[in-house]
A.B. asks: 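Just dropping this structure here.
Atoms within a ligand are numbered from 1 in the order they appear, just like the ligands themselves.
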Amino acid sequence: MADYKITLLKGDGIGPEIVNQAVKVLDKAAEKFDFTVEYDEALLGGCAIDATGVPLPDETVAKCKASDSVLLGAVGGPKWDNQPGNNRPEAGLLGIRGALGLFANLRPSVIFGPLKSASPIKDEIIGGNLDIMIVRELTGGIYFGKKGRTEVDGNPAAWDTEMYSVPEVERIARVAFDLAMKRNKKLTSVDKANVLESSRLWRETVIRISEEYPEVELNHMYVDNAAMQLVRNPQQFDVIVTSNIFGDILSDEASMIAGSIGMLASASLSGGKLGLYEPIHGSAPDIAGQNIANPLATILSVSMMLRYSLSQPQAADAIENAVAKVLETHRTPDIYEDGFTKVGTEEMGDLVCAAL
Ligand code: IPM
Ligand code: MG
């Protein structure tokens with residue numbers, strides 16, 4: 001029987017309540033598919049600042065490194081808005097991504113059948129089924145480049161740097177091509193090569209790596225066009241590969257096409273077994289503690305964990321099927337529509353467990 005050690009980073013805002021529901025579902029899956037999970041908790045983000053003064057304590061990095069996988073809720077909130085940039089909760093999130101070498105962020109945008117009507121995009125545009133995989137580079141680019149404050153003509157000014165090295169682009173491109181090979185063999189690389197030098201290097205490199213994958217149909221799109229095409233004709237996309245900042249923006253857009261940002265999961269991978277799994281939404285401090293947050297993105301993050309880190313694909317399928325089944329009858333407020341039963345965070349977790 002397989003035994004897994006999972007570190008929980010519940011974080012801030014709705015983080016703890018949604019992670020608790022995901023843990024319930026993982027325990028249920030463990031029982032059903034005959035493996036065991038042992039949990040350890042560590043601090044990240046605002047709660048870590050409150051307890052230790054910094055958003056990413058060394059102990060958190062050590063615990064994550066010693067586990068099979070990490071499940072994260074969300075970090076941040078207005079309480080820490082006055083922290084200096086390098087000590088904000090978000091710096092903890094970037095820090096853990098960097099410390100664990102999680103360079104590949106997989107953000108699937110999948111529409112669950114019964115949720116089609118919750119999408120703001122017309123049915124005829126969504127078509128039969130929406131299934132886009134955004135592969136976002138996660139440890140490079142402008143998020144990790146040099147930045148600073150300066151003065152220009154006597155006025156205060158600030159700067160950030162977008163830089164990519166060839167090996168950084170090569171490894172994320174390979175992740176994306178490998179995924180495309182397992183899917184519909186279509187890859188769109190998104191850049192801004194008409195303006196940015198870093199994008200020109202990105203594009204050259206992706207083209208060179210494409211020679212290793214003759215079966216994959218590769219195309220290139222400028223990011224502004226990609227943002228437009230996502231709502232004009234999302235069906236044209238299979239796998240999208242892009243930089244850290246473009247992937248941040250396009251994945252929020254793609255999540256809304258799928259009905260709600262409360263539905264989308266993500267996996268951050270390092271090339272090894274260890275991965276970090278988290279919903280793509282934030283900590284929603286305005287609704288924290290009210291038992292109304294949608295836990296499904298976190299529950300679906302557990303399913304990604306089972307698939308990509310723990311080699312339990314059957315348990316992953318079972319959770320996804322259970323979520324689809326519950327959505328036929330029950331909804332949290334963010335995806336509520338007439339004719340369904342409105343439920344809170346805890347009830348949604350219980351319903352998924354029961355459907356498992
Ligand atoms: C995300 C979030 C983070 C990011 C923030 C919270 C730093 O928006 O995971 O998409 O920009 O990467
Ligand atoms: Mg984001």
A.B. asks: For Glu90 and ligand 1, does the shortest N/O to N/O distance drop below 3.5 Å?
C.D. replies: no
A.B. asks: Are Tyr277 and Ser309 linked by a side-chain donor-acceptor pair shorter than 3.5 Å?
C.D. replies: yes
A.B. asks: Could you find the nearest protein heavy atom to atom 8 (O) of ligand 1 and give me its residue, atom name and distance?
C.D. replies: Asp248 OD1, 3.2 Å
A.B. asks: Do you know which of Leu187, Leu218, Asp191 makes side-chain contact (heavy atoms from CB on, under 4.5 Å) with Val241?
C.D. replies: Leu187
A.B. asks: Within less than 4.0 angstrom of ligand 1, does Arg107 place any heavy atom?
C.D. replies: yes
A.B. asks: Is Asp252 close enough that one of its N/O/S atoms sits under 2.8 Å from the Mg ion (ligand 2)?
C.D. replies: no
A.B. asks: Quick one: do the Asn225 and Gln229 side chains pair a donor with an acceptor below 3.5 Å?
C.D. replies: yes
A.B. asks: To which protein heavy atom is atom 11 (O) of ligand 1 closest, and what is the distance rounded to 0.1 Å?
C.D. replies: Tyr143 OH, 2.6 Å
A.B. asks: Give the numbers and elements of all ligand 1 atoms closer than 4.0 Å to a heavy atom of Arg136.
C.D. replies: 1 (C), 4 (C), 9 (O), 10 (O), 11 (O), 12 (O)
A.B. asks: Just verifying a value: how many Å separate Ser109 OG and Leu230 CG, rounded to the nearest 0.5 Å?
C.D. replies: 8.0 Å
A.B. asks: For Asp248, what is the atom name of its N, O or S atom nearest to the Mg ion (ligand 2)?
C.D. replies: OD1
A.B. asks: With no hydrogens and no angle check, do the side chains of Arg107 and Asn105 hold a donor and an acceptor under 3.5 Å apart?
C.D. replies: yes
A.B. asks: Counting only nitrogen or oxygen atoms and a 3.5 angstrom limit, does Arg97 reach ligand 1?
C.D. replies: yes
A.B. asks: Just checking, is any N or O donor in the side chain of Asp50 or Trp80 under 3.5 Å from an acceptor N or O on the other one?
C.D. replies: yes
